[in-house]
Amino acid sequence: MSDRGFEGTEDLISRLCQGDRRALARAITLIESSKAGDRGEAQFILDEALKAAGNSVRIGITGVPGVGKSTFIERFGLHLIGEGHKVAVLAVDPTSKVSGGSILGDKTRMEELSRDPRAFIRPSPAGGTLGGVARRTQESIIACEAAGFDVVIVETVGVGQSETAVAEMVDIFLLLLPPGGGDELQGIKKGIVELADLLVVNKADGDLKAAAERAAAEYHAALGLLRSPDPDWRPPVLQCSALAGTGIAEVWETIGKHQEIMEAKGARAAKRAAQAGAWMWRDVSEGMLERLRGDPAVAEAVTGLEAEVQAGKTAPGTAAARLIGLFLGK
Ligand code: GDP
């Protein structure tokens with residue numbers, strides 16, 4: 001199968017582990033594929049990739065559209081490359097399914113970073129459920145690490161759907177905030193703030209500098225009222241200008257501090273272990289559901305049962321038990 005430029009799966013894996021970006025792109029295409037054959041090949045690749053994975057800082061970044069995520073990631077990525085790192089950027093964008101278009105799908109994003117051979121940028125996989133997209137992103141992180149990327153950024157739009165999924169696959173979750181306080185502060189969902197390990201007010205430049213400072217102070221005060229989930233880490237509030245490039249180095253330093261503290265007490269390894277376990281169970285539930293839905297006996301009964309449930313003739317629990325029974329051949 002050299003049609004894709006690789007002499008079979010072994011060759012693809014070996015090139016992937018040598019840091020070949022084309023091999024990485026191909027591996028992720030297989031990971032994202034829903035074809036059964038591709039899935040099998042992707043699993044095989046992942047089992048091998050896993051042996052070379054785990055050596056990156058996994059950073060989640062979220063923020064509402066327009067807050068400056070792509071401008072920030074470009075600056076931040078270029079800064080990291082300048083320090084000798086290799087940076088991969090993956091996107092989780094569940095809106096791509098709903099709207100047909102994608103908030104993160106704009107091709108002109110991160111132009112300079114995407115041209116650099118020390119960076120790898122992959123837009124969001126199109127379609128599928130949030131769970132499916134998240135699983136594929138999680139697997140793609142492993143592939144990026146096997147290819148030697150030591151910083152993996154997972155970007156998501158802060159519209160309240162995918163943040164939890166992303167927070168569950170990274171070491172540190174960064175929330176990028178606009179420089180306004182007041183109403184804008186109200187508009188950001190409290191749940192998202194609670195997920196964040198680090199808050200960064202962007203656009204602290206020019207006319208917006210004073211507003212950014214006020215916003216940072218307000219967030220700082222608001223965070224003081226929340227109970228920090230980790231006694232050793234109270235989420236700091238930083239300011240930066242992605243456009244001017246100020247405050248970017250401090251963000252990286254703060255992430256470094258977080259890593260140090262978490263590693264020292266074994267929390268990073270514990271978090272990753274828990275994430276991997278949860279990931280397995282999510283896969284079990286999704287896989288089981290997929291098989292159940294594909295089962296001929298279930299398929300035959302499901303429409304009728306669903307109608308009975310909707311008409312109030314059969315209790316939902318009874319119908320569910322019957323479907324599971326049919327699937328298990330009982
Ligand atoms: P995204 O939708 O979150 O990815 O936001 P973009 O990175 O596309 O930025 C949205 C707009 O904000 C663009 O017009 C940027 O030029 C602008 N922007 C981004 N970062 C900054 C910044 O630090 N300062 C200022 N003044 N504008 C910025």
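These numbers come from a predicted model, not from an experiment. Nothing fancy with the numbering, it's 1 onward along the sequence. Order of appearance sets the numbers: ligands from 1, and atoms from 1 within every ligand.
To the nearest 0.5 Å, atoms CG (Leu12) and CG (Leu30) are separated by 6.5 Å.
Distance alone, capped at 3.5 Å, places no donor-acceptor pair between the Arg39 side chain and the Ser33 backbone.
Taking 4.0 Å as the cut-off, Val64 counts as a neighbour of ligand 1 on heavy-atom distance.
Between Gly68 and ligand 1, at least one N/O pair is under 3.5 Å apart. On a distance-only criterion, Asn202 and ligand 1 share at least one N/O pair closer than 3.5 Å. In terms of polar-atom proximity, Cys240 is not counted as a contact of ligand 1, lacking any N or O under 3.5 Å from an N or O of the ligand. No N or O atom of Ala204 sits closer than 3.5 Å to an N or O atom of ligand 1.
In this structure, Asp171 pairs ionically with Arg268, as a charged nitrogen and a carboxylate oxygen lie closer than 4.0 Å. A salt bridge is absent between Glu112 and Arg115; no separation between the charged side-chain nitrogens and carboxylate oxygens falls under 4.0 Å.
For ligand 1, the atoms sitting less than 4.0 Å from at least one non-hydrogen atom of Asp205 are 22 (C), 23 (O), 24 (N), 25 (C), 26 (N), numbered in the order shown with element in parentheses. Here is the list of ligand 1 atoms found below 4.0 Å of a heavy atom in Pro65: 2 (O).
Enclosure of atom NE2 in His79 by more than 12 non-hydrogen atoms of other residues, nucleotides or ligands within 6.0 angstrom is indicated.
Ring centroid separation for the pair Trp233 and His258 comes in under the 6.0 Å cut-off.
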